[in-house]
Amino acid sequence: MANKYWLFKSEPSCFSMDDLKAMPKSTDHWDGVRNYQARNLLRDDIKKGDEVFFYHSNAKPMGIAGICTVVKSGYPDHTAQDPNSDHPDPKHTDDKPLWYMVDVKFKKKFKDIIALKDLKEISGLNNMVLTQRGSRLSVQPVTSDEWKIIIALTK
DNA sequence: GCCAACGTTGGC
DNA sequence: GCCAACGTTGGC
């Protein structure tokens with residue numbers, strides 16, 4: 001099965017690409033997702049070996065900062081059980097996990113952030129989830145064509 | 001800081 | 001099951 005491509009959003013003031021790089025082994029779990037559509041992707045579709053664009057939202061500049069790699073497929077997001085975490089949810093239990101996360105490892109930071117503004121001007125990316133008006137999904141699929149177009153921008 | 005778009009909640 | 005109200009996301 002070929003690897004797939006994804007895009008994860010984060011507000012860098014909360015967790016940035018540099019923060020991921022600074023973690024032990026440059027690896028961390030992508031916790032705190034509390035949206036069902038994103039949860040389904042984390043639980044069912046995002047697998048070890050997949051590659052992920054790390055997107056900085058609500059930031060200057062706003063755009064794709066680099067690439068990380070999935071090193072562990074979906075498993076229950078135990079931070080939901082920690083009342084002191086940012087996103088506790090009493091409906092999440094050991095028996096019936098509700099929320100999921102994956103582990104990602106820093107791979108590469110782009111020399112320059114690829115700005116959302118620029119992505120929106122590329123015709124091949126017109127149908128990308130990220131460039132859709134009102135798109136809020138924080139974990140989203142990227143097609144291999146979209147991935148190639150964006151990678152080519154960094155060369 | 002504003003506000004449009006979206007997802008979720010809860011009354012009925 | 002509908003939908004208004006509400007809270008959040010995230011670009012601008």
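Chain naming here is simple, since letters A, B, ... match the order of the sequence lines and numbering starts at 1 in each.
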Gap separating the NZ atom of A/Lys148 from the CG atom of A/Leu153, nearest 0.5 angstrom: 14.5 Å
Contact under 4.0 Å: A/Tyr55 side-chain N or O vs C/dG11 OP1/OP2: yes
Modelled atom types, side-chain donor and acceptor of A/Asn40 and A/Tyr100, under 3.5 Å: no
Interatomic distance where NE2 belongs to A/His87 and C1' belongs to B/dT8 [whole Å]: 16 Å
Spacing between A/Trp99 atom CH2 and B/dG7 atom P, to the nearest angstrom: 13 Å
Under-4.0 Å side-chain N/O to phosphate OP1/OP2 contact, A/Lys9 with C/dT8: no
Rounded distance in Å - CG (A/Leu7) to P (C/dT9): 17 Å
Gap between atoms CZ and C1', on A/Arg136 and C/dC12 respectively (whole Å): 16 Å
Toward the 5' end of DNA chain B, by each residue's nearest nucleotide, A/Asn58 or A/Ser135: A/Asn58
Straight-line distance of A/Asp112 CG to A/Ile114 CD1, nearest 0.5 Å: 9.0 Å
Selected nucleotide, minimal atom distance to A/Lys91 side chain, candidates B/dT9, C/dG11, B/dG7: B/dT9
Aromatic plane relationship, A/Trp147 with A/Tyr5 - under 30° parallel, 30 to 60° tilted, over 60° perpendicular: parallel
Value in whole Å for how far the P atom of C/dG11 lies from CG of A/Leu137: 13 Å
Sugar-phosphate only, base, or nothing, as touched by A/Lys120 at under 4.0 Å among non-hydrogen atoms: sugar-phosphate
Atom-pair distance (CZ on A/Arg133; P on C/dG11), nearest Å: 13 Å
Spacing between A/Gln140 atom CD and B/dG7 atom C1', to the nearest angstrom: 16 Å
Interatomic distance, A/Tyr36 OH vs B/dT8 P [rounded to whole Å]: 7 Å
